[in-house]
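Model, not experiment: these values are computed from the prediction.
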Amino acid sequence: MSKMLQGRKFAILAADGVERVELVHPSAAVHRAGGQTELLSLRNGWIHMRNNDLDPAGTFTVDRVVADASIDDYGGLLLPGGTVNPDKLRTHERAVAFVREFVESGKPVGVICHGPWTLIEAGVVAGRTLTSYPSVRTDLRNAGANVVDEDVAVDGNLISSRSPEDLPAFCAAIVKAFAQTPAATS
């Protein structure tokens, strides 16, 4: 893979309960393309990852607390799923504001599985086309989104996928979208 993301930094926003493959695989795709990632979370230290929502899958070190982060520092945002992770994020005022600011900035936001719950809370899905895990689709429709059942849906700066089975297509789509944006200022 070319180094199309060389010198660029991208944020991953996640909390305890994040689905491991939905954090690790997209992060690795960004790194293979030459980019850097920073894990933002609700607190310092580390977050607990899960496999299939239930099985412990290790920890991941937090780089920065979302309350101390600025969208100006990043060229794109990744919102992985798992059911617990976005449920925690959508109840955290600064996390929701960060997501809202990112979407409104026009910078690319990749979201997978249950991750759209945070987008819904941020009030940024009305009139947008997204896909998600099947159990989130009613929530998206109720929030005014146009829901499709595809491996990847791209609507402007929102790139969404349904589940870990879609990770190859999702990773390719986020790298492509991240490459089309200017580098962050820091």
(request) Indicate, with yes or no, if Val96 and Ile12 share a hydrophobic cluster defined by side-chain heavy-atom contacts under 4.5 Å among Ile, Leu, Val, Met, Phe, Trp and Tyr. (result)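 Different clusters.
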Minimum-distance pair of heavy atoms, taken over all atoms of [X] and [Y]:
| X | Y | result |
| --- | --- | --- |
| Leu13 | Pro80 | O-CD, 3.5 Å |
| Thr181 | Arg8 | O-NH1, 2.6 Å |
| Leu5 | Val175 | CD2-O, 4.0 Å |
| Cys113 | Ser132 | O-CB, 3.5 Å |

(request) State, without any angle test, whether Asp87 and Trp117 hold a side-chain donor-acceptor pair at a distance under 3.5 Å. (result)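 No.
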(message) Assess, by modelled atom type and distance only, whether the side chains of Ser161 and Asp166 contain a donor and an acceptor separated by less than 3.5 Å.
(response) no
Look at the side chain of [X] and the backbone N and O of [Y], then say whether any donor-acceptor pair between them is shorter than 3.5 Å.
| X | Y | value |
| --- | --- | --- |
| Lys3 | Arg32 | yes |
| Asp55 | Arg50 | no |
| Asn157 | Lys107 | yes |
| Glu22 | Gly81 | yes |

(request) Give, for atom CG of Asp72 and atom CD of Glu101, the distance between the pair rounded to the nearest 0.5 Å. (result) 9.0 Å
[Y] side chain reached by [X] side chain, heavy atoms, under 4.5 Å:
| X | Y | result |
| --- | --- | --- |
| Phe10 | Gln36 | no |
| Thr37 | Lys9 | no |
| Val111 | Thr118 | no |
| Leu130 | Leu119 | yes |
| Ile112 | Leu79 | no |

(message) Using a strict threshold of under 4.0 Å (side-chain N to carboxylate O), is an ion pair present between Arg64 and Asp68?
(response) no
(request) Sequence neighbours left out, what pairs pass salt bridge (charged side-chain N to carboxylate O under 4.0 Å, His left out) with at least one residue falling in residues 123-137? (result) Arg128-Asp155, Arg137-Asp149
(message) Restricting to ring-ring contact (aromatic ring centres under 6.0 Å, His included), what partner residues turn up for Tyr133, sequence neighbours left out?
(response) His114
